Participant: 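Here's a structure for you.
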Amino acid sequence: MIILDHKDAFTKEVPFKKAWERLYGFNTPNAMIEWIPAAQGGKPKRVDVDRMTVIAEAGAFKADVINYIAPQRASPIAFRMGLTNREGWCPVNRRTFESEIVRDVFVIGDAAVADAMPKSGYSANSQAKVAAQAIADQLAGRTPGEPSMINVCYSLAGENYGVSIVDIFKVVDNRIVKLPASGVSPITDSPAQPLLEAIYQRNWHRTFANDCFA
Amino acid sequence: MKNLLITLLTTGAAVLAVTVAQAASEAPAPEWEPSRLEQALSRVAQGKPAEGERLHHYLYCSACHGDDGNSPSRNWPSLTGQKPDYVMKTLLDYKQNMRRDHYRKAYVMTRMTQLLDEKQMADLAAYYASRPAPVVPPQTSAKLAKQGARLAQQGDGKRGITACAACHGERGESGVTPDTPALAGQTPEYFVQAMQMYKAGMRTSDVGGVMRMFAKPLTDSEIQALAHYYASLGRQVQAPAK
Ligand SMILES: Cc1cc2nc3c(=O)[nH]c(=O)nc-3n(C[C@H](O)[C@H](O)[C@H](O)COP(=O)(O)OP(=O)(O)OC[C@H]3O[C@@H](n4cnc5c(N)ncnc54)[C@H](O)[C@@H]3O)c2cc1C
């Protein structure tokens, strides 16, 4: 598996690379996984669908399966409603998630501009709670409080191997900023550590799905 | 040429995760026969407390069960003050998937014990046995404790319930056989869970089904009362010296 990346870094990079080393021979001649960052020509230029080939700066890569992730932006409906800025995202009041462009419309999740918060399901869930509280406050004539938001992201690098990141956010000078309490999986030599993270991932997924949809 | 190629082009902050379907839970091992159990516990006497202490931290047991095995949280059982045979046995039980439950509480232990060999189990068991019995857990109810005392000490002949004290010790301090657990100071939430899982027949680790038999006729409120009774028998912490 080859990852062609138009960036030179990615989230949870240190524990991910360690997991790839341990599980998939990353950085060895027998590697099952390779990561080509922008600095090494990883930036894709074109996809030749007929030849199942990606043309990147580093050259042409033919494959059986290509999973191309296109540049992201808010969905067309957000554009049609006039909620987007020049970059294609929706600017919001960081304390309430009310659109800065259209009053009484609230935008949460991937479409919203949330500064340091990553675009993740957990962020969207955290923002939904802030927005719901703000709407209730506005209806009741109260001033919305100071939000505190969280992002937790677990990934399984293998069946029994989890890695995670936790961030806590606050609004400072109208921008969402990350607090120092945040952190990513440490690298240890204990086999229990990635195993426990894999267990936590499954428990997290179950309880998070309940929180969203139950 | 590589067989598989995945390109990843993100706008900076996209988060990737692979969700692997939950592995189907393995079937539990056949229940213990006394002779097979004796054989399985034959290494327990060789356990080294110092090595157990190292493993307790190295394998993150301390993250849930507390710095020395006396659980600081109502989520987890305390392990200190147990005879090593019981702890070793229960680690083998988990490894063989004999302790299952409706809330997937045991799942973490079923997975964690896959990392342990018998020598390590014996070391951990020796360490917990070397630590003093757990202190009375916070929020133990004196009122409920009083209600549980009679059943624990006298049982209930009409319903065929032997006094718990007959096997678990006069004050829950230790079992009459090496593989009967101490109950004094145990986290009440865990105690209730253990009893409910015997009652439901999900926990099949009890040799000969003794606990499944005793748990069956008990009502939920009796189990609650027994849990607080045994919790209240934990070690009293002395007020710090002035
Ligand atoms: C491969 C991958 C892995 C990920 N892993 C994780 C992870 O492990 N943890 C995590 O927290 N996040 C993860 N994420 C990110 C997470 O999925 C997103 O951040 C999250 O789903 C965003 O939620 P949202 O509600 O803002 O947007 P979406 O989930 O995109 O929802 C928008 C919805 O609006 C609908 N829609 C669009 N236009 C209209 C219209 N005109 N009328 C009606 N409906 C419309 C769309 O169909 C869509 O269902 C992952 C993302 C990807 C792609």
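Side chains are part of it too, since the values below use all heavy atoms of this structure and drop only hydrogens, waters and symmetry mates. If you're wondering where the values come from, they're calculated on a predicted model, not measured in any experiment.
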Participant: Going by salt bridge (Lys or Arg N to Asp or Glu O under 4.0 Å), name the residues that satisfy it together with A/Glu98, two or more places apart in sequence or in a different chain.
Facilitator: none
Participant: With a 4.5 angstrom heavy-atom cut-off, could you sort out which part of B/Leu59 is near chain A: side chain, backbone, both or neither?
Facilitator: both
Participant: Excluding sequence neighbours, so at least two apart, what forms salt bridge (Lys or Arg N to Asp or Glu O under 4.0 Å) with A/Arg51?
Facilitator: A/Asp48
Participant: Rounded at 0.5 Å granularity, tell me how far CG in A/Asn93 sits from CZ in A/Arg95.
Facilitator: 7.5 Å
Participant: For chain B, which residues from residues 183-191 of chain A lie under 4.5 Å away (heavy-atom distances)?
Facilitator: A/Thr188, A/Asp189, A/Ser190, A/Pro191
Participant: Check this for me, if you would: do B/Asp93 and B/Lys89 make a salt bridge, where the nitrogen-to-carboxylate-oxygen distance has to be below 4.0 angstrom?
Facilitator: yes
Participant: Could you work out, with salt bridge (Lys or Arg N to Asp or Glu O under 4.0 Å) as the rule, every residue matching B/Glu53, not counting sequence neighbours?
Facilitator: none
Participant: Salt-bridge test for B/Glu189 and B/Lys105: reply yes if a basic N is under 4.0 Å from a carboxylate O, no otherwise.
Facilitator: no
